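Quantities reported herein were computed from a predicted structural model and do not represent experimental measurements. A, B, ... follow the sequence lines: proteins, then strands. Residue 1 opens every chain.
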Amino acid sequence: MSLSLYNTATRSVDTFKAITPGKVGIYLCGATVQAEPHIGHIRSGVNFDILRRWLIHSGYKVTFIRNVTDIDDKILHKAVHEKAPWWAVAMKYERAFTDAYRALNVMPPTYEPRATGHITQMISLMERLVERGYAYAPGNGDLYLEVRKLASYLTLSGQKLDDLLPAGDADDSVKRDPRDFALWKSSKPGEPSWPTPWGDGRPGWHLECSAMAHAYLGEEFDIHGGGLDLIFPHHENEIAQSQAAGYGFARVWMHNAWVTASGEKMSKSLGNSLVVREILKRVRGIELRWYLGSAHYRSMLEFSFEALEESATSFRRIEGFLHRAKEHGEVHVLISDEFKSAMDDDLAVPTALALLSGWLRSGNSAITDGNFTAVVEEASKIRGALNVLGCDPFDSAFDADKSSDSSSQKEVLDGLIAGLLQEREEARARKDFAAADRIRDRISTLGITIEDTASGPRWSIS
RNA sequence: GGUGGAGUGGCCGAGAGGCGAGGCUCGGGACUGCAAAUCCCGCUACACGGGUUCAAAUCCCGUCUCCACCUCCA
């Protein structure tokens, strides 16, 4: 049994075969850093992080590139609006994205190239495209790709060139065909620019990804990912540029679906409520990740706070079991065969989670039965699954905020509560339940939950 | 106009011809002094109308509704 993945290019689930055995190169279209990340952006990060983790668990050495687009029209627009230099705007939002990725335990990319750091590579690519006769400069400082010259164009989106509406990214009068797209845009006065043989200007949207994918992954690589809405035009144009340059480019194209709200794609009109930073005021990062990762990556995820809370509740139940299980033995990261089959089938996370709930039930029963070998076994399978999904509660990524300071505080707290619980046990022993309940109420008012187990009471912060 | 997707129980969310996914909520029970936690039982859904088949949520034909992309998009 080996990994199969849905390939947008073939519209089918195909057996994955690495170009170089044992190694995988992935290029993921990252953020255009022009606003705070919302949960749709971060879903893409989480979905591809799960892919990456699964490839690693499957024994591949993964080179994962996720770019940062730090120059584009919106950033320039925002800079005017925020009365700040464009690079300050880009940096500010890049940091916001980095914070969000970290909060959701998305692994840092192997390399995270910025567009503005790769102008040299872009110019080389453009020179090559001009030499090969696919790009032309009308003389106004722009450079265009002549799409009619391409042997194949629009194979990813399955559209016909003549059905497309003409591009609106520049003055059509200078183009040979209205569908030709800009590789490079001449700069207007006051805009940032870089010198090129065709004039001073800045990169078109698509060029950077072709240039950077080539720089870090070579002429041909395994997987290219991004959101569904990038298929056209962005990915089509990346393919056009790269293949015109004579490169094989990506073999497998993967696209994650959106997070929707009220059935609609998230947009700015929804305001700030679905910004990651805001959501994290209501649930923990691990819980938001669990929610975003639990639907299949190719399915639309209909967001609601109710669904988020519900998902968090069910995650806490799993987490609670792992903590209880840990008291009975060492819980490992164990990848069961069933889990592997599910993940190998185009990352069937929902199927995997159905398995997990079975392990959870039998693990909890095993605690009741005192069968601790079984407890640890089930817990290890669950931890293995959570580990792949990036939601392992024992992962140090999630206790980064627990400084040594707070762990010594926890010891003190443990001592205090242990004393109170002792008093309660004594009250219960003499059947003074009113006193016992008074102690429990006092503790629970502080946000601490008490569970009476066979081995005595245990407490946790709720 | 072109291209692609979706409609599943109170809610979320899988599946893609036949053995009732799963979760959350809710109802009942077990355990408990009472709780909490946990376990057990219950709640037989696939937009609509036809058709194919021994068998359809799944395939075919038609209809309705919704969403997305067509050069800013995760």
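- In terms of polar N and O atoms assigned as donor or acceptor, the side chain of A:Glu302 never comes within less than 3.5 Å of the base of B:G13 in a complementary pairing.
- Between the side chain of A:Asp437 and the base of B:G33, at least one donor-acceptor pair of N or O atoms lies under 3.5 Å.
- A:Arg317 contributes no side-chain N or O that forms a donor-acceptor pair with the base of B:G23 under 3.5 Å.
- Side chain of A:Ala295, nearest nucleotide from B:C72, B:U71, B:A14: B:A14.
- Residue-to-nucleotide contacts include a donor-acceptor pair under 3.5 Å from the side chain of A:Arg440 to the base of B:A35.
- Among the nucleotides B:A74, B:U71, B:G33, the one closest to any side-chain atom of A:Phe181 is B:U71.
- Contact annotation for A:Asn364: backbone-only contact, meaning every heavy-atom pair under 4.0 Å involves sugar-phosphate atoms and none involves a base.
- Pairing of B:A36, defined by two Watson-Crick or G-U wobble distances under 3.5 Å, is not identified with any nucleotide.
- A distance-only check finds a donor-acceptor pair linking the side chain of A:Asp180 to the backbone of A:Val147 [under 3.5 Å].
- Checked against B:C70, B:C39, B:G13, the side chain of A:Ser365 finds its nearest nucleotide in B:C39.
- Pair assignment for B:C72 gives none, since no Watson-Crick or G-U wobble pairing has each distance under 3.5 Å.
- Using a 4.0 Å heavy-atom criterion, one finds that A:Ser299 contacts the sugar-phosphate atoms exclusively.
- For B:G9, there is no paired nucleotide, since no Watson-Crick or G-U wobble pair has both relevant distances below 3.5 Å.
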